[in-house]
Undergrad: 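Just passing along the structure, written as structure tokens.
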Amino acid sequence: MLNKTYTPGEIETALYEGWESAGAFAAKPDSNAAPYTIMIPPPNVTGSLHMGHALTFTIQDTLIRWRRMSGRDALWQPGTDHAGIATQMVVERLLAEEGTTRQALGREKFLERVWQWKGESGGTITRQLRRLGASLDWPRERFTMDDGLSAAVREVFVTLYKQGLIYRDRRLVNWDPKFQSAISDLEVENQEVRGNLWHITYPIDGEEGRFITVATTRPETMLGDTAVAVHPEDERYKDLVGKFAILPIVGRRIPIVADEYSDPEKGTGAVKITPAHDFNDFAVGKRHTLPMPSVLDREAKVTLAEIEDAITDIPGLAETTFLRTLEGLDRGMARKAIVAELERLGRLDKIEPHIHQVPHGDRSGVPIEPLLTVQWYANAHELAQPAIKAVEEGRTKFVPQQWENTFFAWMRDIQPWCISRQLWWGHRIPAWYGPDGHVFVEKTEEEAQAAATAHYGTETAIIRDDDVLDTWFSSALWPFSTLGWPEQTKELARYYPGDVLVTGFDIIFFWVARMMMMGIHFMGDVPFKEVHIHGLVRDEKGQKMSKSKGNVIDPLDLIDRYGADALRFTICALTGPGRDVKLGAARVESYRSFVTKLWNASRFCEMNAIAPDPDFTPDQATLPLTRWILAALNDTIVEAGVALEAYRFNDYAGACYRFTWNLFCDWFLEFAKPALASAGPEATEVKRTAAFVLGRILRLLHPAMPYVTEELWNRFGYGAPNTLIATAWPQAEPVPGAEAARAELDWVVRLISEVRTVRAEMNVAPSQLGAILLKDASPESLARGERWFEAIGRMARASSFGPLDSDVPQGSAQAVIGEATIVLPLGGLIDLGAERVRLQKERGKIAGEAEKMAKKLGNADFIARAPEDIVEENRERLATMQAEIARLDAALSRIATA
RNA sequence: GGGCGGUUAGCUCAGCGGUAGAGCGUCUCGUUUACACCGAGAGGGUCGGCGGUUCGAAACCGUCACCGCCCA
């Protein structure tokens, strides 16, 4: 006997272990079934499950379970990402607590420590995925730093290097002073900062008393100025172009150049050019072949080393004693000191408050310092071309399609991808240097050594590059590296390309684009046929969840409180294509009711000895009731399948919800009660049908609510224990006489609803039973009413049912159903005035609509131009409404004369 | 500045040329032996504004406003 309420906490773990130990999640590379592959976006190994994960993994699990049930050989590839910076930060924080640092430990010991940490704590996220019910093929779990995946990384790096698609270059990079590493453009976030625009006067060389005023947001970088730029068309400065200014504080003589970069509308129209610390200035510097001295080091502290030769002591303008005090000063301190000095020297024209965008490291949160360094780059532009083409040709489709625009916009203007990071945790770049700096890129040290020996003609010591690769470099290989590449495995041949990649839009550039590039380059085919981009999870108010706002909801907490099924179903129900999901505990709580409803309906079935009968098929149904519910089930099966095909999880959830609750529970089980209480062939058919339909409901809901459905599957013995997961997805099956059954049951539903409405509006207590009389009813209607009297009696609180041939009794309420008028003799219970008002209101509503309709049909243009069937439909509707009005008028006149 | 998305019932959203809908919430009634995590019923919207196309517009086009996001 099922308990009165469902308690997910008690059964979820056991069910999951049951599936996992039975290998229910396993792909079957040897089967004949068509494969269906989803590669998990590998969560950071440092991570724990947040709502964003819950959303994306619920969607993926729903898809994978559905396809698995549909007969596909489903592979959902699990794994985690080594997450270079994030993981290094976590372990460095631990070291800090122990009062040490990674530098003190040394690279080797530090890496050992990270691996140790990974061994102890890296399994959190995968345990949490299990709680969510994610049916990942765990024995295939991969980690981006596994031996196999590392081999793939080296293979790709070496190949691209030898193809000239990876190269070293000295250029300006986004430097994160906190991590002291380069980061890619994508890891930079612009933040609005309230700052100042400092107007500084630079004297013109050789023209006593003349100066040019530059406006800058970063006075501290002026030490590295090598020019002042003005717009070539700017009349104010035309005569100064070609002359020189003296850089205050430093004393360097710098040219005034004409360059279109300088905007006459902004500031003073003259800008200082610091090529080594600003991307725009770098471009100007290149155009005018300016020197590019760095004046900030890797910690963003002032360094004078590269401007030593330019330092000139000019009393009152550039005093070396002051300049020397800047050495080693943090950039913020240096700004203050320089501004104060300019003030003292009388070179500060004005200070304007100014709001501007400042690039920040997305993980460190500190302002980025553009820095001239040598880094490794991938030629993203060239790799992007085939990826663009693949999307243009529809070999990979985005759903919703609008995201293709985002993808194209970025890919068509893609910049070189800086792939080296000055970190320790990650894939160390397979590059070695000889004593003269000659680089040898090979997969192993032995090969590099051999190459060096060949190159120098004698065995020569080489040292390995210290840098590691951007974490996204290995992620980019995920769709094939996880399947064993560069080995040509059976899995690789079978599961590549994947069917769909499911992810959020925030990761299109970081990951999707790069998988497309690498997949096409190395596999010769796209990594996935579709990319499903879903929305973001937000809180109930639509705010982004963040720790600082304190509005973060923990999915594990929701699972504890309401069960994984409730959370999963809520996510499905709220996930429309491309829409953000606003989610709060209240939402999950209300969908938990649905889980309970299903449980209780099952409990009712159990109480009535409803048990699965494997020999039952829908074509055996003979009764209107069973045919009706089976036909409706067919509609639902079709609806659910169409919705899932289109990634419309809300429609899928909605279709199942409505069928289960509003049809199966609210009507079918209620109608079935009389039959269930009896014995005989009718009772048997109703029970067999109920069991059949319940079984189909469990199958339909399983992808979204795996636990409760599997539990019920087991309790009812629909199949061997824990096999719902592997049971066939339902197909619509022919139901004989479905149309007639539908007409009959729809009529009964309408009759009951009408009677209920009238009684409720007339305030008739449910305990007060009454007769239902039909006036002007066809024999068919009367027969239906009699056939269903038992159910009608219970559901509409009726004591009798029959035709009314005589006059309407005094004190009757009336309502219209088709050709007939329902008469409820309520005697003294009824307020005639209220009944009149009610009928008039009803009449008014219909008359209003009829009037609109008549007007429409009176429009010659409408008759002439609208399609035939629309006109016909409108005519019929008008006729129906007019008949109804006539019946309501009759009902009203009866009251008037009564 | 460029681009994308949104604006429909109190809330969350569906509908995307032919009768304005759902869930939740609200109100009223009700413990009728599956379920109060329940049942029955009701109220509630000039579909952001303005133009246009059309026999017909919530839907299509234009424009404006506001909100959100991405890129510079």
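All chains are named by letter (A, B, ...) in the order of the sequence lines, taking the proteins before the strands, and each is independently numbered beginning at 1.
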Undergrad: Taking any heavy-atom pair under 4.0 Å as a contact, classify Gln402(A): base, sugar-phosphate, or nothing.
TA: sugar-phosphate

Undergrad: Measure from the ring center of Phe398(A) to the ring center of Trp403(A) and say whether it is less than 6.0 Å.
TA: no

Undergrad: With both distances under 3.5 Å as the test, what is the Watson-Crick or G-U wobble partner of U33(B)?
TA: none

Undergrad: Is the shortest distance from a Lys or Arg side-chain nitrogen in Arg658(A) or Glu639(A) to a carboxylate oxygen in the other one below 4.0 Å?
TA: yes

Undergrad: When we call it a touch if two heavy atoms are under 4.0 Å apart, what does Tyr657(A) touch: a base, just sugar-phosphate, or nothing?
TA: sugar-phosphate

Undergrad: Say you pick atom C1' in A40(B) and the same atom in G45(B); how far apart are they, in whole Å?
TA: 25 Å

Undergrad: By the definition ring-ring contact (aromatic ring centres under 6.0 Å, His included), identify the one residue from Trp417(A), Trp410(A), Trp472(A) that meets it with Phe509(A).
TA: Trp410(A)

Undergrad: Mind checking if Glu761(A) touches a base, just sugar-phosphate, or nothing, with heavy atoms under 4.0 Å?
TA: sugar-phosphate

Undergrad: Could you work out which one of U28(B), G18(B), C13(B) sits closest to the side chain of Ile870(A)?
TA: G18(B)

Undergrad: If I pick the P atom on G5(B) and the same atom on C37(B), what distance separates them, to the nearest angstrom?
TA: 43 Å

Undergrad: Kindly indicate whether a cation-pi arrangement holds for Lys673(A) with Phe604(A), taking the cut-offs as under 6.0 Å to the six-membered ring centre and within 45° of the axis.
TA: yes

Undergrad: Need the pair for U28(B). Rule: Watson-Crick or G-U wobble, both distances under 3.5 Å, any strand; none if unpaired.
TA: A40(B)

Undergrad: Which part of the nucleic acid, if any, lies within reach of Asn405(A) when heavy atoms closer than 4.0 Å are counted: base, sugar-phosphate only, or nothing?
TA: nothing

Undergrad: Taking the side chain of Phe862(A) as heavy atoms from C-beta outward, which of C70(B), G5(B), G18(B) is closest to it?
TA: G18(B)

Undergrad: Could you give the distance separating G39(B) and G56(B) at their C1' atoms, to the nearest angstrom?
TA: 42 Å

Undergrad: Encode nucleotides 31-36 of chain B as B, S and - characters from 5' to 3', where the letter depends on protein heavy atoms closer than 4.0 Å: B to the base, S only to sugar-phosphate, - to neither.
TA: -B-BBS

Undergrad: Categorize Arg648(A) for me: base, sugar-phosphate, or nothing, with a 4.0 angstrom heavy-atom threshold over every strand shown.
TA: sugar-phosphate

Undergrad: Indicate, with yes or no, if the rings of Phe801(A) and Phe789(A) have centres closer together than 6.0 Å.
TA: no

Undergrad: Using atom P in both nucleotides, what's the gap between C71(B) and G23(B) to the nearest angstrom?
TA: 39 Å

Undergrad: What nucleotide, of G41(B), G18(B), C70(B), holds the atom closest to the side chain of Phe509(A)?
TA: C70(B)

Undergrad: Counting side-chain heavy atoms from C-beta on, which of G68(B), G41(B), C38(B) comes nearest to Arg538(A)?
TA: G68(B)

Undergrad: Starting from C1' on C4(B), measure out to CD on Glu404(A) and report it in whole angstrom.
TA: 14 Å

Undergrad: Which nucleotide in the list C38(B), G43(B), G23(B) gets nearest to the side chain of Lys841(A)?
TA: G43(B)

Undergrad: Does a sphere of radius 6.0 Å around CD in Glu851(A) hold more than 12 heavy atoms from other residues, nucleotides or ligands, not counting ones at 6.0 Å or beyond?
TA: no

Undergrad: Quickly work out the Met762(A) CE to A40(B) P distance and round it to whole Å.
TA: 20 Å

Undergrad: What is the base-pairing partner of U7(B), counting Watson-Crick and G-U wobble geometry with both distances under 3.5 Å?
TA: A65(B)

Undergrad: Can you tell me the base-pairing partner of C47(B)? Count Watson-Crick or G-U wobble geometry only, both distances below 3.5 Å, and say none if there is no partner.
TA: none

Undergrad: Once you round it to whole Å, what is the distance between P of G18(B) and NZ of Lys852(A)?
TA: 15 Å

